[in-house]
Amino acid sequence: MKHTGSLLIVDDNPDILIAARLLLKQHYQSVKTTDNPFDIAGIINEQRKLEQPVDVILLDMNFTQDSISGKEGFYWLKKIIEQDANIVVLLMTAYGDIQLAVDAIKAGASDFIAKPWQNEQLLGAVAAAFSHAKDKQQVGTLTRQKQGLNQALNTPNFEFLGQSAAMQHVFATIEKAAQTDANILITGESGTGKELTAHAIHQASMRHNQTFMSLDMGAVAQNLFESELFGHKKGAFTDAKSDRIGKFELAHGGSLFLDELGNLPLEHQAKLLAALQNRQITPVGGSKAVDIDIRLICATNDNLEQAVIDERFRQDLLYRINTVEIRLPALRERSDDIPLLANYYLKHFAQKYKRDLTISDDDMNALCQYAWPGNVRELAHAIERAVILTEGNKLDISSVVGNSASVSTDENTQSTGGLNNVAQYDTFDLEILEQRTVRAALKHHQGNVSHAAKALGLTRGAMYRRLEKYGL
C-alpha cells in the first residue's frame, strides 16, 4: 500500500525530478515536483487547502548561484521552517561533505542526501522523514490540546453547597440527569452558581474521567464563534497562523459547557444546531467533517421561552438543548444556606490571605437579612473583601454590606423598583451612585447582564468590569 503522506521535490535538474518522482510515486500517494524554489510557498498553501498538507520536502541545496556552496539550500530551508515548522526537510546536493551535513542538521534539516543516491538509501531517508513528520504533528496536537485543557484545570475549586429544600431538589435532579447523556439547560439569575452546577453534573456522570470544557458565549467575538467552537485550519483567515482545535473537539468524550447561551446571535444558533444534530463539526477552512462525542450542558440567565417568542432564539435549538432543565434558586430564595456559604467562604479566604477570623452572630444575621441581588457570587466577593479589610480577628462586614443592606431594604419595600429608585438616594458620591445604579439595573432585569448593560448604555465588557469591581 502507498503511504498517505504528501511529498514535494525541489530541484533545478529535470532528470533528478523525473527519477525521484518515478521512484517515490510507487510508495507515496502524493508526490509534487518543481524546478523553482520560489514555488514552494504556493504549493504548501495549495496542498493545505486541499487538506493534503506537505509532510516532507526533498530540497536541492544549489540552484543558479554559488553552485557548490549550499547557501541557497539553507536560505530556502529557513523559509520553509518559517512557513510551517511541522514540515520535515531533506537536503540534497552533489557536493556533499561532512561539515555541510552537520550545518544542514543544525539549521533544521532532518537529513542530508548526497547525489547520486542509492534508491534504498533515498527510500529509507524519506521513510524516516515521514515518521519524523508524524511525530512532530502529534506533538503539535498534544501541545494545542494541553493549552486548551489548562482552562479546565484552572477552574476555581469552590464546592457546590446547599442544605435548603430548594437546593436539595437541585441536587436530586443532578443525580438523576447526570447518569444519562441527555442535554441539560441550567437557568437562574447571574451569580447563582451555574458553572459549579455544570461541574457537578460532569463529576456525577459516566464521563467524569474525561475532559470538561467551558466557553462563555457572551465573551466570544462574533467573527471568532466558529473558530472557538469548531477550530480552524492554518491560513483559514488572516490571523490563523497555525491549526487550532475547537472546544467541541477538545471536549470529545467529555462534557462541553456553554455559558450565557442566550447571547448567541441567530446566525450562529443555526450552526450550533447543525453540529448537535449531525454530531459532526467542520473546522473553519477545512473540508473534512470531524465526528464529535460530547455531553452538552448549557446555561443562561435569560428567559429563552420569551426569547423564542421575541424571535431572538430558535425554538428547535431550545428543544435540542433542554432535555432536562435545572433552575437554580436565587440566594434570597434559599436564605437558610447563607450561614453555610458565609462560613465556607470565610474559611477559604482566611486560608488564602493567611488570616484567623471568626464572624459574630450579629454580622451573620446582617448577612442573612441582606437581599443579595448578586447572589452567591456577590456573597463570595463580600466575604473576600471583608477578610482583606478587617483589622482584628472578628470579621467586619460593615464596609461591604452595611450601606448595601439598607439599599436592598428600600428597594424591596417599593413596588415600582427598577432604576427610578436611584433618584431617591441621599448621596452624591459618584462611585456609590454607580454601584447602586448597577445593582438596581440588575434587579430590574432579573439578573440578566446583557439587558442591564443595555439599559445602562454599557457594553457587556464594561458591565462585567463593574460587576467585578463591586463584587456583584
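Atoms considered below: every heavy atom in the structure, side chains included; atoms not considered: hydrogens, waters and symmetry mates.
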Query raised in the report: Mind checking what makes salt bridge (Lys or Arg N to Asp or Glu O under 4.0 Å) contact with Asp60, not counting sequence neighbours?
Result: Lys115
Requested in this report: Report the residues that fulfil side-chain contact (heavy atoms from CB on, under 4.5 Å) with Gln52, sequence neighbours left out, ordered by chain and then residue number.
Outcome: Ser30, Gln47
Query raised in the report: Are the aromatic ring centres of His232 and Phe237 under 6.0 angstrom apart?
Result: yes
Query raised in the report: Residues two or more places apart in sequence or in another chain: which of them pass side-chain contact (heavy atoms from CB on, under 4.5 Å) with Ala85?
Result: none
Report summary line: The salt bridge (Lys or Arg N to Asp or Glu O under 4.0 Å) partners of Arg21 (sequence neighbours excluded) come to none
Query - Residues that Asn303 engages under side-chain contact (heavy atoms from CB on, under 4.5 Å), provided they are two or more places apart - result: Glu305, Gln306
Query - Set of residues satisfying side-chain hydrogen bond (donor to acceptor under 3.5 Å, both in side chains) with respect to Asp55, sequence neighbours excluded - result: Gln137
Query raised in the report: Applying salt bridge (Lys or Arg N to Asp or Glu O under 4.0 Å), which residue pairs with at least one partner in residues 116-133 are found, sequence neighbours left out?
Result: none
Requested in this report: Please list, chain by chain and in numerical order, all residues satisfying side-chain hydrogen bond (donor to acceptor under 3.5 Å, both in side chains) with Arg355, sequence neighbours excluded.
Outcome: none
Report summary line: Taken in chain and number order and not counting sequence neighbours, the residues that satisfy salt bridge (Lys or Arg N to Asp or Glu O under 4.0 Å) with Lys79 are none
Query raised in the report: Between His252 (side chain) and Thr211 (backbone), is there a donor-acceptor pair under 3.5 Å?
Result: no
Query raised in the report: For Asp39, which residues count as a salt bridge (Lys or Arg N to Asp or Glu O under 4.0 Å) partner, sequence neighbours excluded?
Result: none
Can you give each donor-acceptor pair under 3.5 Å made by side-chain atoms of residues 257-274, sequence neighbours left out, with the distance rounded to 0.1 Å?
| from | atom 1 | to | atom 2 | distance (Å) |
| --- | --- | --- | --- | --- |
| Glu260 | OE1 | Asn263 | ND2 | 3.1 |
| Glu260 | OE2 | Tyr464 | OH | 2.8 |
| Asn263 | OD1 | Ser450 | OG | 2.4 |
| Asn263 | OD1 | Arg460 | NH1 | 3.4 |
| Asn263 | ND2 | Glu260 | O | 3.3 |
| His268 | NE2 | Gln222 | O | 3.1 |
| Gln269 | OE1 | Arg314 | N | 2.8 |
| Gln269 | NE2 | Leu264 | O | 2.7 |
| Gln269 | NE2 | Arg312 | O | 3.0 |
| Lys271 | NZ | Glu226 | OE2 | 2.9 |

Query raised in the report: Listed by chain and number, what are the side-chain contact (heavy atoms from CB on, under 4.5 Å) partners of Ala221, not counting sequence neighbours?
Result: Asn223, Leu224
